[in-house]
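To keep things clear, I will list the structure first and then write my remarks on it.
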Protein chains: 2
Amino acid sequence: MGSNPRPGRRRATIRDVAQAAGVSIATVSRVLNGRPDVAADTRERVLSAVRDLGFSTNRSARSLVGGRTFLVGITLPLVEAEYFARILGGATDELYDHDLQVVLATTLHLRDRANTLLARLTSGVTDGALLVLPEESREMLQQLAAPGYPFVVIDPLEPLAEGVPSVSATNALGGRAATEHLLALGHRRIGIITGVPDWLASVERLNGYRTALASAGVPFEPALVVESDWAVEGGEAAAAALLELPDPPTAIFAFNDNMAIGAARAAHARGLHVPVDLSVVGFDDSEQAATTAPTLTTVRQPLADMGRMGASLLLRLLDNRPADAMRIELQTRLIVRDSTAAPARHFTALS
Amino acid sequence: MGSNPRPGRRRATIRDVAQAAGVSIATVSRVLNGRPDVAADTRERVLSAVRDLGFSTNRSARSLVGGRTFLVGITLPLVEAEYFARILGGATDELYDHDLQVVLATTLHLRDRANTLLARLTSGVTDGALLVLPEESREMLQQLAAPGYPFVVIDPLEPLAEGVPSVSATNALGGRAATEHLLALGHRRIGIITGVPDWLASVERLNGYRTALASAGVPFEPALVVESDWAVEGGEAAAAALLELPDPPTAIFAFNDNMAIGAARAAHARGLHVPVDLSVVGFDDSEQAATTAPTLTTVRQPLADMGRMGASLLLRLLDNRPADAMRIELQTRLIVRDSTAAPARHFTALS
DNA sequence: CTGTTAGCGCATTCAC
DNA sequence: GTGAATGCGCTAACAG
């Protein structure tokens, strides 16, 4: 029949397949969608036509009629940071298993860009979205939710409005565990280097720190709290400031591993030995934590799992399965390595 | 007029806008697409209706009729590695500027998964793709290109078939520059730790190394070449092996920064000082390279630019603008830091 | 079990 | 300048 359709020309459509198989397009659609009500031999004929023509269903058409795109968006500040990359990896992985594709959107911490991106994502490109550390205000997020656009927040930047599904880590417990570890070793002056201070995770870790101090009867001292920016250099500077104190801390708890590494470096620069002269604890359990010298005691965050969990929450939303638990906190865990030890000498106050 | 359409129900369509503005859908479409042939006041009326209804065009519909999805795929092994993340970040950025969205696909180095992903991407979801370090065979890639699916390879794993557009770095020159730097310092026994040996980048860096040696009249010695796996631990083990040699090298050139850091660690473990007793050079210029102690001399790869360039090449393809240069190599550059110095002592062979 | 028909939301001729 | 009509490729009733 000379049925060889000009090879490599226009993409084959369902109609071409129907014609080649000698059936109607409805039948083709049925076998394509795995409907059971098709005769075995008909199915075979269709399938072979599909192969011959190298046909695959046009997703735009399917989306238009079905109302679903099989695409979900993920917005996050940037992909270059291990922290976000691990969340992204976990989410992507989970989504892949459910035949969903990921539309990536990086906000670069730019409010405008975040808004643009969100607008693009919601204009029918995606069925729903994962928002990692979204800088959008609560109002904006609620506005998003109003028209019924399904989304899940991972690692909220600020407290979320009621009813917004989210996934985060037990930051308060993590902060508490780190502090208790240091207290148990005998430390009493514990400096902390917080991350960007108005981020929810920072607030909670700080709460954990204060809780632990209170339980141990150690007074909270504001001078021992320094703010920084999550970066190695920032941590180094912050630690330097702490070590300049008249009565410096014997231990430093940094709110992420980068800053902890910076703290260790600051100690090193002043001839102090970690952990002998200064104990250091980080947060995250980044790749470097296990390989830096000395290896870092830190609070592990299940970042990939947070991504995966966020994805599966979103999947439930998309299926209209009510997600029983809409606000999920994944466990953090203290990982003790070589950067912490009992305080060697007791710095007596100069006063 | 009580024109408030049931708030928050069904998404508004172009028809709703037309009705609200008292015009036809054709006119709405015109203003939506910025056509000039619309009266100013008509345009205003339409625009305000668009705002009132919170309308945004349905991308699936637009794609169906227009044949373009405004989505491009990016496949890469994984996002957690800084190397890939930086390429991804650059590409995403460039694409954002051109109003294209990115569909992310991670292969995890799994051949099957890569094929599945590619099939999904090409079935009308995306207009084209960026393939980072694709493990698909040359045949498969050509098969991809045949139906006219536009794609660009970034950092090819193996030599590409003629006509396949690609972006990579000047790996050979980089390998040569690193080696020449060490030779200039006076090193004559230069060990190298290669990455996965059948990757094109490894092969070329090795070529660069050999070229430099040859130019300097230093004989190539196979015993000084060790293969590894791009990881810190792998580099450490490889370096240990080199340092065990009867006549060990006075310098080591590792094919990425991770392995270089491992090499430095191996030296440290045997009481050798970097760079006094052993010089170390890496490749990539990762974040750690600048912060590790001692800071690492390395060959910088413009990873983000590679992503950006790949994206803009793809953009040209999508616009049917013939890309003049279809095979692009971006410059690498030697960054000299603290891990290299002239050899202090000459290890005399034990034999 | 299979074919016919009617849209999904939009861009695009072509008239007016 | 603007409107009416057509179809993109596909799924989902509805008949038979």
Can a donor-acceptor pair be found, under 3.5 Å and without considering hydrogens, that links the side chain of Asn115(A) to the backbone of Asp112(A)? no
Those residues that, when tested against Thr107(B), pass side-chain hydrogen bond (donor to acceptor under 3.5 Å, both in side chains) (two or more places apart): none
Quick check on contacts: within residues 26-37 of chain A, what sits under 4.0 Å from DNA chain D by heavy-atom distance? Ala26(A), Ser29(A), Arg30(A), Asn33(A), Arg35(A)
Start at the 5' end of DNA chain C and walk down; is the nucleotide closest to Ala40(A) or to Ile25(A) reached first? Ala40(A)
Main-chain N/O of Ala21(A) paired to Arg45(A) side chain as donor or acceptor, under 3.5 Å: yes
Who passes salt bridge (Lys or Arg N to Asp or Glu O under 4.0 Å) against Asp99(A), sequence neighbours left out? Arg120(B)
Main chain of Arg68(B), side chain of Ser63(B): is a donor-acceptor contact present, judged purely on distance under 3.5 Å? yes
Where each residue is assigned the nucleotide of DNA chain D containing its nearest heavy atom, which of Arg59(A) and Arg43(B) is assigned the position nearer the 5′ end? Arg43(B)
Heavy-atom check, side chain of Ser60(B) versus side chain of Arg62(A), under 4.5 Å: no
Report yes or no: do Ser56(B) and Arg11(B) form a side-chain donor-acceptor pair below 3.5 Å? yes
Walking along DNA chain C from 5' to 3', note the first and the last nucleotide with an atom under 4.0 Å from a heavy atom of chain A, and give both. dC1(C) to dG9(C)
Results of side-chain hydrogen bond (donor to acceptor under 3.5 Å, both in side chains) for Glu82(A) - residues two or more places apart only: Arg86(A)
Taking only heavy atoms on the protein side, list every residue of residues 60-70 of chain B lying under 4.0 Å from any atom of DNA chain D, sorted numerically. Leu64(B), Val65(B)
Pairs meeting criterion side chain to side chain donor-acceptor pair (under 3.5 Å) with involvement of residues 89-98 of chain B, two or more places apart: Arg113(A)-Asp93(B), Glu94(B)-His98(B)
Approximate separation, where rounding is to 0.5 Å, of Leu141(B) CG and Gln143(B) CD: 9.5 Å
To the nearest 10 degrees, how far apart in direction are the end axes of the helix from dC1(C)-dG16(D) to dC16(C)-dG1(D), each fit to five base pairs? 40°
State which residues pass side-chain hydrogen bond (donor to acceptor under 3.5 Å, both in side chains) with Thr42(A); sequence neighbours excluded, sorted by chain then number. none
Provide the full list of side chain to side chain donor-acceptor pair (under 3.5 Å) pairs with a residue in residues 149-167 of chain B, sequence neighbours left out, each pair given once. Tyr83(B)-Asp155(B), Thr126(B)-Tyr149(B)
Return the set of residues passing side-chain hydrogen bond (donor to acceptor under 3.5 Å, both in side chains) with Glu136(B) (not counting sequence neighbours), or none when no residue passes. none
Please report the interatomic distance CG(Leu121(A)) to CG(Leu130(A)), rounded to the nearest 0.5 Å. 11.0 Å
Between which nucleotides of DNA chain D, 5' to 3', does chain B make heavy-atom contacts below 4.0 Å? dG1(D) to dG9(D)
Asp127(A) side-chain N/O to Val72(A) backbone N/O, donor-acceptor pair under 3.5 Å: no
